[in-house]
2 protein chains.
Amino acid sequence: MATPPPAPHRAKGRPRSATADRAILAATREALAEVGWGGLSIGQVALRAGVAKTTLYRRWPSKNELVMDAVATQLEELEVTDLGSLRADIEDVVGQFAALLSRPETQAALLALFAEGTRDAQLRKRIRETIVDPQKRLVRQGRANAQARGELDPDRDEAAAAEEIDIIFDTIAGTVEHRMLVSGEPVTPEWISRFTTLLLNPLPGFRA
Amino acid sequence: MATPPPAPHRAKGRPRSATADRAILAATREALAEVGWGGLSIGQVALRAGVAKTTLYRRWPSKNELVMDAVATQLEELEVTDLGSLRADIEDVVGQFAALLSRPETQAALLALFAEGTRDAQLRKRIRETIVDPQKRLVRQGRANAQARGELDPDRDEAAAAEEIDIIFDTIAGTVEHRMLVSGEPVTPEWISRFTTLLLNPLPGFRA
DNA sequence: GCTCTTTCGCTACGAGTCGTAGCGTATCTG
DNA sequence: CAGATACGCTACGACTCGTAGCGAAAGAGC
């Protein structure tokens, strides 16, 4: 949501150009996809965005923050839907995820961010709050819808339900991420269907 | 497996020091965990490994290759086990995965590598062959063991079985990766148990 | 043991990027 | 119109990059 860069910005003099903001963040994503985190040069981003190098330094204190914002502005289009059945809703969520992760710029930016997160606890926390938790909402909502439709037993234990939401979200998000970001294989509707089946049903042929 | 650096190395003169190799790869992992991919300086790695900077450049043509080898040498300790039940075997595999991904150096190195893989198709292919496929073997073997014990129906369709192995592996690997590498949350035995239950059984309370 | 071959450590080098400071101009507020 | 802030531009020292050239070290092969 176009996180207004962290400067106080008292509304007195010339306001910061929102156009420049968008150009910078888009340029950051493009550059990241082309040259990677290591090759990401502030100077190059500025040049590509048609902006002075100093403007970038004035707004973002570090590469982390810049990339964080560049990614965050791309992740706001996920929507909760109610397609009438749990299976359809899950397939829809998986499809949205896959679409989101299909852009090369998003792939590079996200993984670079995750990599930095392993060294920076504060960044990792921001990633959770800004990226992971909002997405988890989809699962929570979808589960509530399924309950309202009578597809699931009502919860007895609230804590257990929350834990189940966590684990289901980790499974959905992680599996799609692994397939698309690590292996680089496509997520087709057929694959989504098989994956959803695995999630909803016992392992095929398994006798519990 | 200590990929012998890509130089031909005719067995004539002074052989390359294997000790130096190990020191360099260890130093690479440490440095990567501390300063990240962007901050990873060949000079610093050399200094930390007690080796001349030129020695590194003689052996590895690029940072990609260096990090690739640094990671690959850490990933060879996964073992197929037969604990007598499919459930126990799955929990064991998940546990091995989690242990592998628990080291901060491995976390940083893996994610950095994945990030580079999004821009370099050749590197991504190497990642699949060197890292992903060998791990997939665990699932394939575990599934075969379960069939031998009579826990699963015998396969009618070979291709379908291979696809099922793929999807199960993506689910196991991806979920653990997401939880540990992205969210940074621990994978406890209790969590493993719940996750395995989700995999083996239908969604709790779900009426298919 | 001696020679030959290759690697190793060291130093020096130009090229390029880093992040910052200073300054005049542009743009908006009141 | 006056005040305030952002902008673009230039210049700067500090640093890292990857490479080249050297003498010394360390095994291999006879």
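Residue numbers start from 1 in every chain, and the chains themselves are labelled A, B, ... in the order their sequence lines are given, proteins ahead of strands. Treat the numbers as computed from the prediction; the structure is a model and nothing was measured.
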Using OP1 and OP2 only, check whether a side-chain N or O of R16(A) sits under 4.0 Å from dA6(D). yes
Looking only at side-chain N and O atoms, does Y57(B) come under 4.0 Å of OP1 or OP2 in dG18(D)? yes
Do you see a donor-acceptor pair shorter than 3.5 Å between the side chains of T188(B) and E190(B)? yes
Can a donor-acceptor pair be found between the side chains of T28(B) and R48(B) at a distance below 3.5 Å? no
Sorted by number, residues from residues 38-46 of chain A placing a heavy atom under 4.0 Å from DNA chain D are none
Stepwise, does the salt bridge (charged side-chain N to carboxylate O under 4.0 Å, His left out) test hold for D166(B) with R194(A)? CA-CA 11 Å; D166(B) 275 3; R194(A) 283 200 300 274; over 6 Å; no
Shortest non-hydrogen contact between R143(A) and A161(A), atoms and distance: NH1-CB, 3.9 Å
In plain terms, say whether D69(A) and R59(A) are close enough for a salt bridge, that is, a side-chain N and a carboxylate O under 4.0 Å apart. no
Run the side chain to side chain contact (heavy atoms under 4.5 Å, CB included) test on R179(B) and F195(B) for me, step by step, so that the C-alpha distance in whole Å, both residues' side-chain angles and the decisive distance to 0.1 Å come before the verdict. CA-CA 12 Å; R179(B) 185 168 175 87; F195(B) 174 65; over 6 Å; no
Is it the case that the side chain of T73(B) and the backbone of A70(B) share a donor-acceptor pair, with hydrogens and angles ignored and the cut-off at 3.5 Å? yes
Distances under 3.5 Å only, N/O to N/O: pair up the protein atoms with those of nucleotides 8-10 of chain D.
{"residue": "dG8(D)", "atom": "OP2", "partner": "A52(A)", "partner atom": "N", "Å": "3.2"}
{"residue": "dG8(D)", "atom": "OP2", "partner": "T55(A)", "partner atom": "OG1", "Å": "2.9"}
{"residue": "dG8(D)", "atom": "N7", "partner": "R58(A)", "partner atom": "NH2", "Å": "3.3"}
{"residue": "dC9(D)", "atom": "N4", "partner": "T54(A)", "partner atom": "OG1", "Å": "2.9"}

If the helix axis at each end comes from five base pairs, how far does the helix from dG1(C)-dC30(D) to dG30(C)-dC1(D) deviate from straight, to 10°? 40°
